[in-house]
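Because only heavy atoms are used, hydrogens play no part in the values below, and waters and symmetry mates are left out as well, while side chains stay in. In listed order, ligands and their atoms are each counted from 1.
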Amino acid sequence: MPTSTPDPVSDVALVIAHLSDTHFGHDQGEAAERTRRALDAILRMDPPPDVLVHTGDVADHGRPEEYAEAVQVLSAWQGPLVVCPGNHDVRAPYVGAFLDGAPGASRGWANRSHSVAGARFLMLDSLVDALDGVRQDHGVVAAEQLAWLDAELSWDTRPTFVCLHHPPVAVGVRLMDPIMLSDPGPLAEVIGRHPHVVATLVGHAHTMATSTFAGRPVLVGGGVVSTVPLDQEDHPVVWYGASPSFAVHLLHDDGRLTTHWRTV
Ligand SMILES: [Fe+2]
Ligand SMILES: [Fe+2]
């Protein structure tokens with residue numbers, strides 16, 4: 001008896017290109033050139049993805065000139081661009097470059113909500129300000145931000161991606177696990193209350209990885225400027241020789257999500 005096979009393209013409702021950790025201004029990493037390589041691969045996709053997600057560490061030192069270069073390189077992408085800041089970003093110049101300098105929806109933070117092609121992207125600012133000039137590498141999402149997230153998730157139940165720089169779970173890498181999101185329990189509680197959250201999209205770990213959080217996928221976008229290998233691998237602790245990587249997430253009509261990673 002013949003079985004019907006779903007059309008492999010028409011059952012995809014949304015295509016998300018996801019890159020992370022471009023670190024513009026990095027002195028070792030050829031950041032602009034590596035970002036162009038990843039972006040070129042995305043720009044060659046036909047039809048193009050519906051949205052480009054950047055999960056932070058846009059710049060390496062958070063200098064205005066690094067954001068100017070990031071904006072210039074990323075402007076090759078003409079579609080919707082949704083971003084959140086990472087630990088290497090500095091909030092004021094980041095907001096100036098990517099959010100028109102406007103204050104955040106919740107006090108002081110660069111949280112943003114976006115609607116794209118029938119889905120929502122809730123961008124959380126997990127950046128901890130430098131302390132006495134020392135960059136803070138772990139991430140924090142404050143109670144006030146979680147209240148904003150909960151409210152955003154409550155009024156609109158379309159498929160939603162929660163995006164932040166810091167993975168809310170350990171990824172099994174000694175270099176990264178101490179600097180993940182601190183106290184992820186309250187975030188898990190909020191996401192747990194909202195079944196329309198499809199996945200959590202993150203960066204920071206510089207690796208093509210997937211785990212679970214609040215019963216849903218947590219997906220690392222890869223690393224553009226470098227890759228952080230497993231402890232068991234015979235590579236430098238931060239591997240600048242690795243090819244830039246990015247992710248493509250496909251949201252199917254039935255609500256499933258499939259992720260493909262690419263290196264370029
Ligand atoms: Fe990074
Ligand atoms: Fe980071």
Side-chain angles (χ1 to χ4, degrees), residues 18-35 37-39 52-63 66-67 69-70 73-74 82-91 93-95 97-98 109-111 123-131 134-141 145 162-184 187 200-209 211 213 218-230 235-247 261 263-264:
H18 176 192
L19 52 80
S20 202
D21 295 83
T22 47
H23 287 256
F24 278 87
H26 196 286
D27 35 15
Q28 265 185 286
E30 306 164 324
E33 146 66 12
R34 292 172 69 94
T35 304
R37 276 161 65 187
L39 204 52
L52 177 61
V53 174
H54 190 318
T55 43
D57 282 357
V58 177
D60 195 57
H61 309 90
R63 297 175 183 139
E66 296 174 343
Y67 291 111
E69 186 179 41
V73 171
L74 292 170
V82 300
V83 293
C84 58
N87 54 307
H88 280 255
D89 291 305
V90 173
R91 195 173 285 108
Y94 163 88
V95 167
F98 285 100
W109 290 286
N111 304 322
M123 315 303 292
L124 276 173
D125 172 354
S126 55
L127 163 62
V128 179
D129 287 323
L131 206 57
V134 178
R135 193 184 69 229
Q136 302 295 296
D137 287 329
H138 68 291
V140 168
V141 176
Q145 292 174 278
V162 173
C163 308
L164 73 163
H165 182 64
H166 295 85
V169 289
V171 295
V173 174
R174 203 173 294 140
L175 178 71
M176 302 309 298
D177 284 347
I179 54 169
M180 295 300 178
L181 184 72
S182 299
D183 191 22
L187 176 62
T200 302
L201 307 183
V202 300
H204 192 51
H206 291 228
T207 181
M208 295 169 275
S211 188
F213 179 65
V218 53
L219 301 160
V220 186
V224 170
V225 80
S226 65
T227 291
V228 173
L230 293 166
H235 294 303
V237 175
V238 179
W239 185 20
Y240 294 102
S243 298
S245 55
F246 64 92
W261 279 276
T263 58
V264 289

Leu187 and Leu124: CA distance, side-chain angles, deciding distance, side-chain contact (heavy atoms from CB on, under 4.5 Å) verdict: CA-CA 11 Å; Leu187 176 62; Leu124 276 173; 4.1 Å; yes
N/O/S atom of His88 inside 2.8 Å of the Fe ion (ligand 1), strictly under: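 No, since none of the N, O or S atoms of His88 sits under 2.8 Å from the Fe ion (ligand 1).
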The Fe ion (ligand 1) contact by His165, N, O or S atom under 2.8 Å: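 No, since none of the N, O or S atoms of His165 sits under 2.8 Å from the Fe ion (ligand 1).
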Atom name, His204 (N, O or S, nearest to the Fe ion (ligand 2)):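 Result for His204 and the Fe ion (ligand 2): ND1.
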Name, closest N/O/S atom of Asp21 to the Fe ion (ligand 1):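 Closest to the Fe ion (ligand 1) among those atoms: OD2.
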Of the N, O or S atoms in His23, the one nearest the Fe ion (ligand 1):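 The atom in question is NE2.
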His206 atom NE2 and Asp57 atom OD2 as seen from the Fe ion (ligand 1), angle to 10 degrees: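 Angle NE2(His206)-the Fe ion (ligand 1)-OD2(Asp57): 170°, rounded to 10°.
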Ser243 and Thr263 side chains, donor-acceptor separation under 3.5 Å: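 No, because no side-chain N or O of Thr263 sits under 3.5 Å from a partner of the opposite role on Ser243.
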Member of His235, His165, His23, His88 meeting the ring-ring contact (aromatic ring centres under 6.0 Å, His included) criterion with His206: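 The residue from His235, His165, His23, His88 that satisfies ring-ring contact (aromatic ring centres under 6.0 Å, His included) with His206 turns out to be His23.
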Pairwise distance NE2(His26) to NE2(His61) - rounded to 0.5 angstrom: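 One gets 7.0 Å once the value is rounded to the nearest 0.5 Å.
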side-chain contact (heavy atoms from CB on, under 4.5 Å) between Val58 and Tyr67, intermediate numbers included: CA-CA 7 Å; Val58 177; Tyr67 291 111; 4.1 Å; yes
